[in-house]
Undergrad: 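The structure under discussion is supplied below as structure tokens; questions concerning it will follow.
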Amino acid sequence: MDRVTSWIARIVLVFLYIPIVAVIAYSFNSASGGYQWKGFTLQWYGQLFSDGALLQTLLISVIVGVLAASVATVIGLLAAIGMVRFPFRGSAAILGAIALPLIVPEIVLGVALLSVFSFLHIPLGILTLVLGHMIITLPLTTLILIGAFRTLDPSLVEAAADLGCTPWRTFTRVLFPLLRSSILASWLLAFTVSLGNIVISTFVSGVGSTTMPLRVYSLLKSGLTPELNALGTLLIVLTFVVVLSVGIQQMRRILASPSGAAAPPDTSTTSIRTR
């Protein structure tokens, strides 16, 4: 049974990674069309970096992703602090409202957002893209940070208060260092979701605010080109570098801990006492 499970897992992994390997391989194929290998070349990367329209959409996607992920992470962190540290009647209903975009189809959200923006006479552009992407990423950041906040020992905040820390110093010297990994994880997840979103972007983007997924989708109507393979390869490499750098940082924290677990920030008297 274990051998069968092992082979099934290998087949699933191969099935998942074959498309990624194919995209990377064909980005170096000298053939301009089709899937026949005709030699190694880097010309498609040169054409990619000379395609001003595609690079402009990539820049817009990055800007929107950074803004939407940052705003969603900040709001999610504040919501986590308010619901965990200061629970109140109706917090469950508010959490359900925040998580509602996870179960509502994105096409319904897109139509609703477009109707709201049209009613308020808000022109479609970067602002509407950020607002739309923030709505679909806020549930992710909030749920991640609430789960992370609930794992913290409440006595740490009480100890910091006993030592004379203000609420702001308690957050910056005690809570934030302990939540840093969760905050980074929620931000990266929100940025990834925003960067690859196409449904919401279709409804809330305007003239001059076309995102990269929308541009790629329009180019795919004429067929998959090696230039798009080159773009996909660069995004895959960038994702791998980010994940590897975060993993190395976490591994260093684990190895630096004498017990072999992730070393928590120093919350001793000397580190959190007000000066």
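Atoms considered below: every heavy atom in the structure, side chains included; atoms not considered: hydrogens, waters and symmetry mates.
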Undergrad: Distance from Thr73 atom OG1 to Leu145 atom CG, nearest 0.5 Å?
TA: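 Output value for this atom pair is 7.0 Å.
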Undergrad: Treat each ILVMFWY residue as a node, draw an edge where side-chain heavy atoms are under 4.5 Å apart, and state whether Val74 and Val193 are in one component.
TA: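 In one cluster: no.
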Undergrad: Counting distance only, does the side-chain N/O of Ser205 pair as donor-acceptor with the main-chain N or O of Thr210 below 3.5 Å?
TA: no
Undergrad: Does any part of the side chain of Leu234, heavy atoms only, come nearer than 4.5 Å to the side chain of Leu238, both counted from C-beta?
TA: no
Undergrad: Determine whether Asp51 and Leu231 make a side-chain contact, defined as any pair of heavy atoms from C-beta on separated by less than 4.5 Å.
TA: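 Asp51 vs Leu231: side chains apart.
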Undergrad: Would Leu228 end up clustered with Phe49 when hydrophobic side chains under 4.5 Å apart are linked, directly or stepwise?
TA: yes
Undergrad: Could you pull out the closest heavy-atom pair between Thr233 and Ser27, with the gap in Å?
TA: OG1-OG, 3.2 Å
Undergrad: Evaluate the side-chain contact (heavy atoms from CB on, under 4.5 Å) criterion for residues Thr41 and Phe28: first the C-alpha distance (whole Å), next the side-chain angles of each, then the deciding distance (0.1 Å), finally the verdict.
TA: CA-CA 5 Å; Thr41 183; Phe28 299 103; 5.8 Å; no
Undergrad: Looking at every heavy atom in both Ala68 and Thr137, which two are closest together, and how far apart are they?
TA: O-OG1, 4.1 Å
Undergrad: Between OG of Ser70 and CD1 of Ile75, what distance do you get to the nearest 0.5 Å?
TA: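 Going from OG on Ser70 over to CD1 on Ile75, the span is 11.0 Å.
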Undergrad: Verify side-chain contact (heavy atoms from CB on, under 4.5 Å) between Tyr217 and Ile198, making sure each step is shown before the conclusion.
TA: CA-CA 9 Å; Tyr217 179 74; Ile198 187 173; 3.7 Å; yes
Undergrad: Are Val14 and Ile236 co-members of a hydrophobic cluster defined by side-chain heavy atoms under 4.5 Å apart?
TA: no
Undergrad: Between CG of Leu113 and OG of Ser118, what distance do you get to the nearest 0.5 Å?
TA: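 Taking CG in Leu113 and OG in Ser118, the distance rounds to 10.5 Å.
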Undergrad: Drop me the distance from Leu179's CG to Phe171's CZ, to the nearest 0.5 angstrom.
TA: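 Reported to 0.5 Å precision, the distance equals 7.0 Å.
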Undergrad: With the 4.5 Å side-chain cut-off for hydrophobic clustering, are Val241 and Val21 part of the same group?
TA: no
Undergrad: Which pair of non-hydrogen atoms, one from Gln47 and one from Glu227, has the smallest distance, and what is that distance?
TA: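 Closest approach of Gln47 to Glu227: O-OE2, 3.8 Å.
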Undergrad: Hey, is the main chain of Leu54 close enough, under 3.5 Å, to the side chain of Thr57 for a donor-acceptor pair?
TA: yes
Undergrad: Please report the C-alpha distance between Val111 and Ser115 in whole Å, then the side-chain angles of each, then the deciding distance to 0.1 Å, and finally whether the side-chain contact (heavy atoms from CB on, under 4.5 Å) criterion is met.
TA: CA-CA 6 Å; Val111 173; Ser115 301; 4.3 Å; yes
Undergrad: Can you tell me which residue pairs pass the ring pair (Phe, Tyr, Trp, His ring centres under 6.0 Å) test with a partner in residues 185-205, sequence neighbours excluded?
TA: Trp187-Phe191
Undergrad: Go through the structure and list residues passing side chain to side chain contact (heavy atoms under 4.5 Å, CB included) with Leu124, not counting sequence neighbours.
TA: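 Applying side chain to side chain contact (heavy atoms under 4.5 Å, CB included) to Leu124 gives Leu114, Phe117, Thr128.
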Undergrad: Within the distance-only criterion (no hydrogens, no angle test), does the side chain of Ser194 pair as donor or acceptor with the backbone N or O of Ala190 below 3.5 angstrom?
TA: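 No, the answer is negative, given that no donor and acceptor are paired below the 3.5 Å cut-off.
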Undergrad: Yes or no on side-chain contact (heavy atoms from CB on, under 4.5 Å) for Thr141 and Leu189, after CA distance, side-chain angles and deciding distance?
TA: CA-CA 8 Å; Thr141 58; Leu189 180 59; over 6 Å; no
Undergrad: Check for me, please, whether Leu16 and Val237 land in the same ILVMFWY cluster - side-chain distances under 4.5 Å, paths through other members count.
TA: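 As far as the 4.5 Å side-chain criterion goes, Val237 and Leu16 are not connected within one cluster.
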Undergrad: With Arg10, which residues qualify under side chain to side chain contact (heavy atoms under 4.5 Å, CB included), at least two apart?
TA: Ser6, Trp7
Undergrad: Please output the side-chain donor-acceptor pairs of residues 91-109 that fall under 3.5 Å, not counting sequence neighbours, one pair per line with the distance.
TA:
{"unit_1": "Ser91", "atom_1": "OG", "unit_2": "Phe88", "atom_2": "O", "d": "3.1"}
{"unit_1": "Glu106", "atom_1": "OE1", "unit_2": "Asn197", "atom_2": "ND2", "d": "3.0"}

Undergrad: Can you list the residues that meet the side-chain hydrogen bond (donor to acceptor under 3.5 Å, both in side chains) rule with Ser50, with sequence neighbours excluded?
TA: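 Result, side-chain hydrogen bond (donor to acceptor under 3.5 Å, both in side chains) vs Ser50: none returned.
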Undergrad: Check this for me: Phe40, atom CZ, are more than 12 non-hydrogen atoms of other residues, nucleotides or ligands nearer than 6.0 Å?
TA: yes
Undergrad: Under 3.5 Å, which donor-acceptor pairs do the side chains of residues 147-154 form with other protein atoms, sequence neighbours left out?
TA:
{"unit_1": "Thr151", "atom_1": "OG1", "unit_2": "Ala148", "atom_2": "O", "d": "2.5"}
{"unit_1": "Asp153", "atom_1": "OD1", "unit_2": "Ser155", "atom_2": "N", "d": "3.1"}
{"unit_1": "Asp153", "atom_1": "OD1", "unit_2": "Ser155", "atom_2": "OG", "d": "2.9"}
{"unit_1": "Asp153", "atom_1": "OD2", "unit_2": "Ser155", "atom_2": "OG", "d": "2.7"}

Undergrad: At their closest point, which heavy atom of Cys165 faces which heavy atom of Thr170, and how far apart are they?
TA: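 Looking at all heavy atoms of both residues, the closest pair is CB-OG1, 3.3 Å.
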Undergrad: What's the separation between atom CE in Met212 and atom OG in Ser201, rounded to the nearest 0.5 Å?
TA: 10.0 Å
Undergrad: So, taking the atom named CD1 in Ile136 and the one named CG in Leu131, what distance separates them when rounded to the nearest 0.5 Å?
TA: 12.0 Å
